[in-house]
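Data block below; observations after.
Note that the coordinates shown come from a computational prediction; the quantities given were computed from them, not determined experimentally. Reminder, nothing fancy here: chain letters follow the sequence lines and each chain counts from 1.
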Amino acid sequence: MRLSDTLTGEKRDFVPLDSTVRMYVCGITPYASAHVGHAMSYIVFDVLHRYLEFKGYNVRYVQNFTDIDDKLIARAAAESATVQELAERHIAEYFEDMAALNVLEADVYPRATQEIPKIVEVVSGLIEKGYAYPSGGDVYFRVRSVPSYGKLSHRSLDAMRAGARVEVGVEKEHPMDFVLWKAAKPGEPSWESPWGPGRPGWHIECSAMALRYLGDSIDIHGGGQDLVFPHHENEIAQSEGFSGTEPFARFWVHNGLLHLDAEKMSKSLGNLVTIRDALARYSSDAIRLSVLNAHYRGPGYYSDEALAGAERAAARLRQAAFARPVAAPPSAATPEKERLDPSAHRERFIAAMDDDLNTPQALAVLFDLAHDVNRDAEAGRDVAGAQATLLELGREVLGLTFEERGGGIDDELAARVEALVERRSELRAAKRFADADAVRDEIAALGVTLTDSAEGTTWKMSGPS
RNA sequence: GGCGACGUAGCCAAGUGGUUAAGGCGGGGGUCUGCAAAACCCCUAUUCGGCGGUUCGAUUCCGCCCGUCGCCUCCA
């Protein structure tokens with residue numbers, strides 16, 4: 001398959017270093033609930049993860065939690081909780097959110113606070129090699145020691161320095177030098193180190209964890225586009241400086257950012273919708289479909305209109321996957337020509353995914369397949385094999401569940417609806433249609449939609465309000 | 001200001017130097033139904049922001065312009 005690499009700006013053939021693909025994706029800083037922008041990113045990398053395994057690769061997937069930083073400290077203080085309590089709560093919530101979105105688990109979820117020895121080792125190594133220097137209890141990375149600094153984000157130190165918002169710290173040699181280790185302030189969580197009590201700076205934890213769990217050279221390093229600079233740029237400087245191995249990551253994969261009302265969604269702007277908010281209104285499949293409908297490198301857009309449309313689209317795939325042929329049930333005796341052969345669709349799907357994870361195109365193939373399944377099922381042909389392919393590709397590769405949004409119906413309501421449905425059926429049998437329609441209106445007022453068929457009447461909760 | 005991305009039907013969104021420019025939503029028509037709903041089927045861009053250029057031929061390559069957005073500060 002071909003994959004885009006932010007560093008070279010090229011789309012190249014992806015070949016892992018050895019039989020196991022090493023993939024590291026930056027995780028969250030657990031100081032608040034994850035929002036749908038996070039959902040977009042982790043769904044994208046989930047699909048990459050799934051597709052690599054679908055292709056037969058072994059994947060070792062590492063995703064971190066940066067469970068110590070300024071915002072965590074500030075938020076914990078505001079809530080009179082410890083940093084650890086706050087982090088644990090949001091990490092637990094994150095796992096629930098990901099499970100609800102049908103995101104497969106990574107193999108390792110290291111946490112910054114549990115990797116202090118490795119972090120200290122990396123910082124020490126960087127000092128020894130001249131890439132870093134202690135200063136007043138802090139330790140800084142010396143950006144001028146890396147001539148290629150800026151190679152990922154395609155900018156030069158001079159250009160960055162020209163930026164008006166860079167402040168020169170008194171204890172730094174260069175304004176772009178960034179902190180590896182921060183001296184502890186009173187009351188803050190801290191760990192012992194050769195430079196005194198302190199805590200890791202922002203970027204170092206990812207270098208330490210990637211080096212520890214995946215080695216000096218990894219195949220894929222992923223994250224949102226907003227991490228390209230400074231986070232990933234600094235990770236490269238730290239990791240390559242420490243290990244002496246280039247490249248630290250062979251493919252840098254960045255997803256575009258999710259927008260809400262024409263602006264990117266972010267914690268700092270406050271314009272966010274949490275994953276729980278979204279899941280309360282839309283199915284996991286709808287959320288995934290809305291993400292995968294656009295290429296991962298471009299921006300995504302969250303809106304009720306888009307999600308409602310995706311919900312309908314999800315229902316369309318589900319319908320086709322479980323549609324029953326109108327004629328005789330399929331059997332082994334079914335002539336070849338009376339069967340829908342999905343192999344061409346399958347090839348097109350794989351070709352699309354092979355081309356830098358072109359999920360919009362892959363999805364289009366699935367919709368084409370759904371269309372053919374419906375048409376042929378109507379004509380009485382055997383579509384079982386095609387349906388199996390639809391389910392297989394949708395579930396295994398795209399992480400769709402083909403299930404409706406679950407839960408939310410209590411027994412009392414169900415009993416009431418059942419009784420009303422029964423009454424309406426009796427009225428219909430008696431051809432008292434006006435009365436039957438009145439009952440239907442009553443049922444509709446409860447937020448329930450009825451579906452009549454030859455086998456009887458079924459009901460379900462209407463779509464999101 | 002520097003660097004970068006993008007502008008395709010009512011909306012979302014793939015894609016290609018040249019036969020009919022994917023797919024989804026929405027909309028229109030039809031099948032089914034007591035009527036509906038749901039579901040399914042059919043239809044729905046002579047055209048790809050604007051102006052030039054290269055070319056036999058450009059939506060696709062180049063230049064300029066207009067517009068939107070991102071990064072340069074915490075962010076997936």
Side-chain angles (χ1 to χ4, degrees), chain A residues 6 9 25-29 31-32 34-45 63 66 69-71 150 153-156 158-167 176 202 222-231 233 254-259 262-269 272 289-290 292-295 297-301 303 305-317 319-320 323 326 348 352 355 358-368 370-371 373-375 377-379 428 431-434 436-437 440 444 449-454 457-460 462:
Chain A
T6 305
V25 174
C26 286
I28 57 165
T29 298
Y31 75 96
H35 57 70
V36 287
H38 297 114
M40 172 176 171
S41 188
Y42 298 117
I43 287 171
V44 164
F45 289 104
Q63 188 179 118
T66 299
D69 92 318
D70 291 349
K71 292 188 297 294
S153 50
H154 304 109
R155 60 190 80 186
S156 66
D158 288 342
M160 286 185 262
R161 202 168 183 174
R165 287 180 278 187
V166 176
E167 280 182 30
M176 294 308 294
W202 178 28
Q225 254 161 20
D226 51 353
L227 296 182
V228 173
F229 190 90
H231 187 57
E233 191 72 62
H254 292 103
N255 63 276
L257 303 179
L258 191 71
H259 292 238
E263 268 189 322
K264 75 157 183 170
M265 187 176 297
S266 79
K267 292 175 182 174
S268 54
L269 290 173
L272 47 81
L289 245 28
S290 75
L292 301 176
N293 179 47
H295 189 92
R297 274 184 289 112
Y301 297 92
S303 69
E305 190 190 6
L307 269 292
E311 195 72 78
R312 298 295 303 270
R316 183 179 178 76
L317 290 179
Q319 190 71 27
V326 294
R348 283 205 292 140
D355 184 15
N358 193 331
T359 54
Q361 218 162 62
L363 225 35
V365 175
L366 254 35
F367 282 107
D368 283 344
H371 176 257
V373 164
N374 286 327
R375 181 178 26 70
E378 193 84 5
R428 290 181 69 216
K431 304 257 192 264
R432 290 169 57 188
F433 296 121
D437 289 351
R440 181 166 63 198
T449 303
L450 297 183
T451 301
D452 294 334
S453 74
T457 300
T458 59
W459 62 275
K460 66 174 184 178
S462 305

When you compare the protein's N or O atoms with those of nucleotides 2-7 of chain B, which come within less than 3.5 Å of each other, and at what distance?
{"unit_1": "B:C3", "atom_1": "O2'", "unit_2": "A:His154", "atom_2": "O", "d": "3.2"}

Name the pairs: protein N/O against N/O of nucleotides 21-25 of chain B, kept only if under 3.5 Å.
{"unit_1": "B:G23", "atom_1": "N2", "unit_2": "A:Asn293", "atom_2": "OD1", "d": "3.1"}

Contacts under 3.5 Å, N or O only, protein and nucleotides 31-35 of chain B:
{"unit_1": "B:G34", "atom_1": "N7", "unit_2": "A:Arg428", "atom_2": "NH2", "d": "3.4"}
{"unit_1": "B:G34", "atom_1": "O6", "unit_2": "A:Arg428", "atom_2": "NE", "d": "3.1"}
{"unit_1": "B:G34", "atom_1": "N1", "unit_2": "A:Asp437", "atom_2": "OD1", "d": "3.1"}
{"unit_1": "B:G34", "atom_1": "N2", "unit_2": "A:Asp437", "atom_2": "OD2", "d": "2.9"}
{"unit_1": "B:C35", "atom_1": "O2", "unit_2": "A:Arg440", "atom_2": "NH2", "d": "2.9"}
{"unit_1": "B:C35", "atom_1": "N3", "unit_2": "A:Arg440", "atom_2": "NH1", "d": "3.1"}
{"unit_1": "B:C35", "atom_1": "N3", "unit_2": "A:Arg440", "atom_2": "NH2", "d": "3.4"}
{"unit_1": "B:C35", "atom_1": "N4", "unit_2": "A:Asp452", "atom_2": "OD2", "d": "3.3"}

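Remark: A:Thr6 pairs with A:His254 by the side-chain hydrogen bond (donor to acceptor under 3.5 Å, both in side chains) rule, at least two apart or across chains. Partners of A:Gln63 by side-chain hydrogen bond (donor to acceptor under 3.5 Å, both in side chains), not counting sequence neighbours, listed by chain and number: A:Tyr61, A:Tyr94. Partners of A:Asp368 under the side-chain contact (heavy atoms from CB on, under 4.5 Å) rule, at least two apart in sequence or in another chain, are A:His345, A:Arg348. Taking the side-chain contact (heavy atoms from CB on, under 4.5 Å) definition, one finds that A:Asn374 meets it with A:Ala320, A:Ala323, sequence neighbours left out. Residues satisfying the ring pair (Phe, Tyr, Trp, His ring centres under 6.0 Å) test with A:His231, not counting sequence neighbours, are A:Trp202, A:His203. In terms of the side-chain hydrogen bond (donor to acceptor under 3.5 Å, both in side chains) criterion, A:Thr359 has no residue partners (sequence neighbours excluded). Residues satisfying the side-chain contact (heavy atoms from CB on, under 4.5 Å) test with A:Ala436, not counting sequence neighbours, are A:Arg424, A:Leu427, A:Arg428. The side-chain contact (heavy atoms from CB on, under 4.5 Å) check on A:Ala313 picks up A:Leu289, A:Phe367, with sequence neighbours excluded.
Residue contacts shown for A:Phe45 are absent, as no nucleic acid heavy atom lies under 4.0 Å away. Within 4.0 Å (heavy atoms only), A:Gln225 reaches no atom of the nucleic acid at all. The residue A:Asp70 sits apart from the nucleic acid: no heavy atom pair falls under 4.0 Å.
Atom P of B:G15 sits at a distance of 26 Å from the matching atom of B:C41, rounded to the whole Å. Comparing the same atom, P, in B:U8 and in B:C48 gives a spacing of 11 Å after rounding to whole Å. Taking atom C1' on both B:G27 and B:A58, the two are 32 Å apart, rounded to the nearest angstrom. Atom C1' of B:U54 sits at a distance of 7 Å from the matching atom of B:C62, rounded to the whole Å.
RNA chain B forms stems at B:1-7 with B:66-72, B:10-12 with B:23-25, B:26-31 with B:39-44, B:49-53 with B:61-65, each a run of 3 or more consecutive Watson-Crick or G-U wobble pairs whose two key distances fall under 3.5 Å.
Using a 30° and 60° split on the angle between ring planes, A:Tyr42 and A:His38 fall in the parallel class, below 30°.
Side-chain atoms of A:Glu233 come within 3.5 Å of backbone atoms of A:Ser153 as a donor-acceptor pair (strictly under, hydrogens ignored). Listed for the A:Asp355 side chain is no donor-acceptor partner under 3.5 Å among the backbone atoms of A:Asn358.
A residue-by-residue look at A:Arg375 and A:His295 shows that A:His295 has its nearest nucleotide of RNA chain B further toward the 5' end.
Candidate nucleotides B:A76, B:A13, B:C69 were compared by shortest atom distance to the side chain of A:Leu258, and B:A76 ranks first.
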